Amino acid sequence: MKIATFNVNSIKARLPNVLEWLKEADPDVALLQEIKCQAADFPVLEFQSMGYQVQAVGQKSYNGVALLSKQPAENVLEGLPGDDSDEQARYVEATVQGVRVASLYLPNGNPVDSEKYPYKLGWMKRLKAHAATLLASEQPVVLAGDYNVIPEPRDCYDPAAWAGDALFLPETRRHFREIVNLGYTDAFRAIHPQRVAYSFWDYQAGRWPRDEGIRIDHLLLSPQAADRLRDAGIDKKARGREKASDHTPVWCELDS
DNA sequence: ATGGTTGCCTCGCAA
């Protein structure tokens, strides 16, 4: 079972790109972030014609997540539990073939002296609480998406330059580590313990041609999912296309 | 040197 996550940075602007990637990568489940449209405006038919069912949670202009699956998505949960007043479209979760999968778009948090950083940390606390609840179910769980967290210095082309950024502050990394230490496995890091690889390259300042990126898109696996982890990787090809997103897909393969 | 780019769909904000 192949599960992939991809921050598409607008599904409307990226549709040909995403369809091409889907055709080549052929994941069983594709978790998308930053669709940047309302659910009603998501191009459902294009994905259905490729054999995918679509669960989309969106809002106008910003954020938005989707869960595409070849097999039915059951018990769909829209929105991260823990704050009914949070109206940002950043979370969708469902069960596909017995695996609980989530597409999440964790808040960026910049600038750190604004209300955005406490919102990010609050969202991470809610995610930790929910991740703990999911662990108690003892089912395979895959929490995938754009975490907007650089876990370690080696996941960044220039840690010093990012020292004060919301994606790399010690407080941010500590919150991420707390979720992992509940008992989750970073799929890419488990398969490639020594590899330096990135999932995001800024459009600006020639970051992509210089391979100056950061690794912020992750798949976190519960023990029952990690037991089945066969392979994982980052698809750099998508970032090199015309009209590319600033992110590239990250994936894992679970034994059936 | 505080640069530069993309997408939203407004004349700035978010990333």
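Given the structure is predicted, the values throughout are model-derived calculations rather than measurements.
- Closest heavy-atom contact between A:L134 and A:Y184: CB-OH, 3.8 Å.
- Take A:E152 and apply the salt bridge (charged side-chain N to carboxylate O under 4.0 Å, His left out) test, not counting sequence neighbours, and it matches A:R154.
- A donor atom on one side chain and an acceptor atom on the other are found under 3.5 Å apart for A:D165 and A:N110.
- Between A:E171 and A:K125, none of the side-chain N atoms (NZ, or NE/NH1/NH2) sits under 4.0 Å from a carboxylate O, so this pair counts as no salt bridge.
- Of the P atoms belonging to B:dG3 and B:dC13, the separation is 15 Å, rounded to the nearest Å.
- For the C1' atom pair drawn from B:dA15 and B:dG4, the interatomic distance equals 13 Å after rounding to whole Å.
- Of the charged side-chain nitrogens involved, none lies within less than 4.0 Å of a carboxylate oxygen, so that A:R228 and A:D255 do not count as a salt-bridged pair.
- Comparing B:dA14 with B:dC9, their P atoms sit 14 Å apart, to the nearest whole Å.
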Base versus backbone protein contacts along nucleotides 6-15 of chain B [heavy-atom cut-off under 4.0 Å; B, S, -]
SSSS---BSS

